[in-house]
A.B. asks: 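The structure follows.
Protein chains get the first letters and strands the later ones, always in sequence-line order, with residue 1 at the start of each. All figures in this text were calculated on a predicted structure; none of them were measured in a lab.
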Amino acid sequence: MKAENAGDTERALVEQYLAAVGREASALPPERRQELVSDLAEHIEIALAERPGGTREILSELGDPRTIAATALQESGVGAGSGAAAAPEGRAVAPVTVEPVSGSGRRRTPAWVVVALPVVAMLAGILVGVLGLVLRIVGVVVLCRSRHWDWNQKWVGVAVTAFLPTVIALGYNFGVSSSDVPAFLPWLLTGAMLVMVAVGSGWLWKVRKA
Amino acid sequence: MEPTGSRHRTPSKAASQLRKGVLEYCVLALMRDGPRYGVELLRELEETGALATSQGTVYPLLSRLRRDELVVTSWRESTSGPPRRYYELTEAGHAALAEFTGTWPGFRDAVDRLLTPTACAQPSGKAEE
């Protein structure tokens, strides 16, 4: 019974520690924070398997939750952290992008799919309206989940490749009565939207992080 | 069961500045000869003395290396306990490490030359303090 209590205490210590990391890292994007906490939880679990009963020592080696959270904030700072800013030049020597090996780490949609989706959605929408809408929604979701862009870029991407085209299409369909419109206008609008989406996607591709 | 907090001295400012720039490559170097799992990686890093801070701060770094696709991870079963997540260099990771390995000796020697007192750097009138 005593051993069980000790185990409970150790588990509580780990939970407190992880909660403290989560709290200190509250300025991180939720996805990053979750990743940090689960990386540490993983570390503790494995270290404990190798060193049973060493909870306190393991936590003390990991260090102050505040320091860890501060480091995580620096690492994720866009352009602010020295490492993040210096990385692009450093990687210029590297051979083109390396596709993540399947089954490794957490699964994410590759950048080219995210970039291609709005264009495909636009083209599909010309043929079958509903299909275009569905693809556009999928496009927004994968863009928002992607690690290749920061949030500012994501907002611009969503606005240009999804939101504005949808607004224009809706505005045209519901706002204008078809009788007093020259025949070329729908084609002109479609063309303009296509160009806008293509430019937006091209921009996303250009500013993506590897 | 005593807390063992004394193991980590607070690193000096110089040490933590240095660490910031170099740690990433130390971590990559530890993976040069093959995949390593996190606990193992941190233990070795600590043993080299290059860490100069608590182990936990390496995880945000590993996370960035993963995002930058300098490393990839894969799960492997273990004979004892839970499966381990192994970190492995990608081609880009090898390239980044190779570039740093090429840059470092020149940089180190240049700093050494500045720091090491030599006959010509310290002319005769040095005893005036």
A.B. asks: For A:Ala20, give me all partners under side chain to side chain contact (heavy atoms under 4.5 Å, CB included), at least two apart in sequence or on another chain.
C.D. replies: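 Testing A:Ala20 for side chain to side chain contact (heavy atoms under 4.5 Å, CB included), a comparison that skips the adjacent residues, returns A:Arg23, A:Pro65.
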
A.B. asks: Checking B:Leu42 against chain A: side chain, backbone, both or neither under 4.5 Å from a heavy atom?
C.D. replies: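 The side chain, not the backbone.
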
A.B. asks: Under 4.0 Å between a Lys/Arg side-chain N and an Asp/Glu carboxylate O for A:Asp39 and B:Arg66?
C.D. replies: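 A salt bridge is present here (some side-chain N lies under 4.0 Å from a carboxylate O).
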
A.B. asks: On the six-membered ring of B:Tyr86, is B:Arg76 placed so that its NZ or CZ lies under 6.0 angstrom from the centre and within 45° of the ring axis?
C.D. replies: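 Yes; both conditions hold, so B:Arg76 lies above the ring face of B:Tyr86.
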
A.B. asks: Answer with side chain, backbone, both or neither: which region of B:Tyr37 has an atom nearer than 4.5 Å to a non-hydrogen atom of chain A?
C.D. replies: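 The side chain, not the backbone.
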
A.B. asks: Which one, B:Arg67, B:Glu88, B:Arg84, B:Glu40, leads in non-hydrogen pairs under 4.5 Å with chain A?
C.D. replies: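 So the answer, after comparing B:Arg67, B:Glu88, B:Arg84, B:Glu40, is B:Arg67.
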
A.B. asks: Using the side chain to side chain contact (heavy atoms under 4.5 Å, CB included) criterion, which residues pair with B:Phe107? Sequence neighbours excluded.
C.D. replies: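 Side chain to side chain contact (heavy atoms under 4.5 Å, CB included) check on B:Phe107 returns B:Trp104, B:Val111.
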
